[in-house]
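I have placed the structure first, in the form of structure tokens, so that the comments after it can refer back to it.
Just so it is clear, the values below take in all heavy atoms, side chains as well, and ignore hydrogens, waters and symmetry mates. Each chain gets a letter, A, B and so on, in the order its sequence line appears, and its residues count up from 1.
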Amino acid sequence: MTVGSPAALSRELVDSLFPAGLPEPSHWEERYPPRDLPAAAEVTRFAPSPTGWLHIGGIYTASVSRDLARQSRGVYVLRIEDTDQSRFEEGALAQFEAGFDYFGIQADEGDLGGETKGRYGPYTQSARAEIYQSYVRELLREGKAYPCFATKEDLAEITAKQKATGALPGYYGDWAIWRDAPQEQVRERLAKGDPYVVRFRSPGIGGQRVTFTDVIRGEITADDNRNDVVILKSSANEVRLPTYHLAHAVDDHLMRITLVVRTDEWLSSVPLHLQLFDALGFDRIRYAHAAPLMKLDAGNRRKLSKRKDPEASVGYYIEQGFPREAVQYYLRGLMNGRLAELPLPEALAAPIRLDDFGLAGPLLDMVKLDDISADYVSGLTGEEILDRIPPWAETYDPDLATILHTERTPALRALSVERGAGVENPRKDLRKWADFRPVYGFFFPEIFRLVTDPADERFGGLAPDIVRAMASGFADGYTAPPAKTEPSADTAWFDQVRSLAASLGFAPNQKTYKKDPDAYPGSIADASAVIRVLITGSRRSPDLAEVCTALGAEEVLRRVRAV
RNA sequence: GGCCCCGUCGUCUAGAGGCCUAGGACGCCGCCCUCUCAAGGCGGUAACGCCGGUUCGAAUCCGGUCGGGGCUACCA
């Protein structure tokens with residue numbers, strides 16, 4: 001056991017590990033100087049890994065970072081953490097942009113759309129390999145890091161022994177077999193061309209505790225880190241990239257980030273990160289660890305998983321066409337509970353406060369989102385809705401896009417039923433753009449499918465001949481609804497349904513029917529449902545009289561006679 | 001196993017020792033309105049994980065316990 005600080009590898013040996021022209025850290029310090037910002041300004045960042053669609057939790061965290069920066073007149077940076085090339089997914093970057101775009105989260109700095117915006121770039125870690133190497137070399141020169149030639153097998157063996165003896169797992173203390181290896185041995189392995197990683201020589205001592213302050217959670221005390229974590233990945237890789245820990249410290253320092261907002265799972269790495277900042281000679285940074293979005297699974301809550309939960313992926317919200325405002329509002333309410341009580345525009349305008357974050361991870365409630373969304377859409381006019389569906393449909397429902405393009409007027413008529421100015425209770429039948437086709441598709445003859453089977457289950461089990469009788473009776477005596485000049489106009493139109501139903505023996509209202517169900521084939525509700533299903537294909541639809549006006553008598557009769 | 005975080009209605013939460021017989025919102029249930037579907041109105045259901053302690057008094061403070069989550073990777 002070596003006491004005190006073991007001798008660092010010779011400078012000549014260390015430097016031989018890196019390209020001759022590799023800049024010194026001071027070069028980067030000058031290249032990325034402290035920012036000239038007001039004292040209270042926060043520089044925040046969101047740093048996703050390009051492994052497919054962004055997680056909805058990413059939108060959540062990114063929003064917080066962006067808002068905090070904006071509120072303080074600071075800067076919000078988007079950084080791409082692609083140090084794990086094996087997990088890199090083609091197209092992920094484009095999906096990120098689509099996601100940020102959809103939710104309106106624009107970065108002040110970042111590698112955006114193929115261009116670097118901001119003077120602290122590049123903002124993609126694989127393009128910053130040289131920077132990390134400068135710092136790793138420095139750490140090696142100072143003896144704060146060392147090369148480690150341990151193979152997978154060596155590591156597995158160590159772990160097995162630790163397990164057997166009940167020792168804490170990890171690469172530390174006497175288990176760290178390359179920590180104090182003689183320089184000759186290192187040279188020898190290097191000469192043989194054996195691959196190696198660079199490990200951080202943790203100054204942590206077993207049993208020692210550290211205390212730090214988290215902006216959301218307050219003071220936290222934990223075991224200090226004593227693991228000699230890998231900071232530079234294997235020399236066998238083509239490009240020598242760092243692990244997250246080193247990259248985080250270097251990037252957040254050089255990008256002059258002031259506040260790191262990230263999810264919970266990083267909390268236990270803070271002691272390590274603090275050691276790294278100290279070893280690198282960087283000023284420490286403030287952390288805010290937010291609880292991640294959760295999902296209820298078999299009675300337990302767990303982190304939302306992109307693999308298991310479709311709603312975890314940002315792509316889902318875009319494909320379904322959830323209006324961004326509704327999702328933003330919902331997410332914002334999850335961040336700061338009191339914002340959920342505010343009307344949407346105020347909630348979106350109100351500042352986010354780290355102090356108001358809940359400590360437990362909230363469960364994502366799609367039913368609640370549906371409610372918020374339906375409420376939001378019900379406040380839009382037909383024109384507004386029609387402006388927003390086509391851009392969505394072009395990608396996710398091209399046929400619908402074509403129809404809306406060629407038949408804007410009927411579409412508008414469909415959407416103005418019980419909606420728009422003067423309607424105090426607008427319909428809440430649209431939660432997302434994908435709902436348009438099932439809910440309003442029947443307005444368009446080319447996508448409406450006639451209901452021809454009198455035994456169709458949508459008729460609710462009524463006898464087929466009763467269904468037929470309703471249909472033919474309605475068609476034979478049909479009079480189109482009068483232009484709607486006063487409320488009573490609908491009443492007059494509906495009278496034909498009512499009297500027809502009465503003649504077929506239906507109960508005139510629900511109450512009468514309930515008193516003696518066996519005496520009638522059904523109530524007026526069931527009778528009118530037949531007409532509704534024939535005309536709209538659904539038991540749920542906007543006001544029938546208005547629908548018939550919009551459709552025109554000819555189309556109405558074509559549908560009713562189809563059965 | 002070790003360490004850390006978390007724990008109020010089904011869900012999101014209000015609550016910072018007496019304002020709590022625990023409030024609101026979503027959901028669910030019922031009723032009303034009504035010419036049909038929605039919507040809307042009204043009402044209801046339902047929670048401080050558990051056990052001790054401190055205190056005249058605890059959802060709020062302390063201890064323990066249980067439960068859930070995270071970390072313990074050349075993933076982030």
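Comment: Arg209(A) does not engage Asp224(A) in a salt bridge, judged by the lack of any side-chain N to carboxylate O separation of less than 4.0 angstrom.
Between the CG atom in Leu232(A) and the CD atom in Gln133(A) there is a gap of 6.0 Å [rounded to 0.5 Å]. Within the model, atoms CZ of Arg201(A) and SG of Cys148(A) stand 11.5 Å from one another, a figure rounded to the nearest 0.5 Å. Atom CG of Asp371(A) sits about 10.5 Å away from atom CZ of Arg431(A), to the nearest 0.5 Å.
Taking only side-chain atoms of Asp371(A), from C-beta outward, the nucleotide of A76(B), A39(B), C26(B) with the closest atom is C26(B). In the set C71(B), C74(B), C35(B), the nucleotide with an atom closest to the side chain of Arg498(A) is C35(B). Side-chain atoms of Glu81(A) lie closest to A76(B) of the nucleotides G15(B), A76(B), C6(B). Between G27(B), U13(B), U36(B), one nucleotide has an atom nearer to the side chain of Pro362(A) than all others, and that is U13(B). Distance from the side chain of Arg540(A) is smallest for A38(B) among the nucleotides A38(B), A76(B), G2(B). You'll find that the side chain of Asp365(A) is closest to U11(B), out of U36(B), C5(B), U11(B). Considering only side-chain atoms of Lys428(A), the nucleotide from C75(B), G40(B), C71(B) that sits closest is G40(B). Of the listed nucleotides (U36(B), G2(B), C4(B)), C4(B) has the atom at the smallest distance from the side chain of Leu267(A). Side-chain proximity of Asn425(A) to A76(B), G2(B), G40(B): nearest is G40(B). Candidate nucleotides C4(B), C71(B), C6(B) were compared by shortest atom distance to the side chain of Ala222(A), and C4(B) ranks first.
Of all nucleotides present, only G49(B) satisfies the Watson-Crick or G-U wobble test against U65(B), with each distance under 3.5 Å. Nucleotide C31(B) is matched to G41(B) when pairs are restricted to Watson-Crick or G-U wobble geometry with both distances under 3.5 angstrom. Across all strands shown, G57(B) forms no Watson-Crick or G-U wobble pair with both distances under 3.5 Å. With a cut-off of 3.5 Å on both pairing distances, C20(B) has no Watson-Crick or G-U wobble partner at all. Using Watson-Crick or G-U wobble geometry with both donor-acceptor distances under 3.5 Å, C75(B) finds no partner in any strand shown. A 3.5 Å limit on both hydrogen-bonding distances identifies C26(B) as the Watson-Crick or G-U partner of G10(B).
Listed pair Lys368(A) / U13(B) fails the phosphate criterion, with no side-chain N or O lying under 4.0 Å from OP1 or OP2. In this model, the phosphate group of C75(B) is approached by a side-chain N or O of Lys233(A) to a distance below 4.0 Å at OP1 or OP2. Remark: Arg209(A) is in phosphate contact with C4(B), judged by side-chain N or O atoms under 4.0 Å from OP1 or OP2. Within the structure, every side-chain polar atom (N or O) of Arg226(A) is placed at least 4.0 Å from both OP1 and OP2 of C3(B). The side chain of Thr83(A) places an N or O atom within less than 4.0 Å of a non-bridging phosphate oxygen (OP1 or OP2) of A76(B).
Spacing of C1' atoms, G52(B) relative to C66(B), comes out at 14 Å, to the nearest Å. Going from the C1' atom of C12(B) to that of C3(B) covers 30 Å, rounded to whole Å. Using atom C1' as the reference point in both U55(B) and C61(B), the two lie 10 Å apart (nearest Å). Nucleotides C19(B) and A59(B) are separated by 9 Å at their P atoms, to the nearest Å. For the P atoms, the distance linking C4(B) with G17(B) amounts to 27 Å, nearest Å.
Each of Arg539(A) and Arg199(A) was matched to the nucleotide of RNA chain B holding its nearest heavy atom; the match closer to the 5' end belongs to Arg539(A). Checking Ala525(A) against His245(A), the closest nucleotide of RNA chain B that is more toward the 5' end is the one next to Ala525(A).
Of the N and O atoms on the side chains of Asp251(A) and Tyr132(A), at least one donor lies less than 3.5 Å from an acceptor on the other residue. A side-chain donor from one of Asp154(A) and Thr151(A) sits under 3.5 Å from a side-chain acceptor of the other. No side-chain donor from either of Asn227(A) and Ser202(A) sits under 3.5 Å from a side-chain acceptor of the other.
Contact of Arg427(A) with C37(B) (side chain to base): a donor-acceptor pair of N or O atoms is detected under 3.5 Å.
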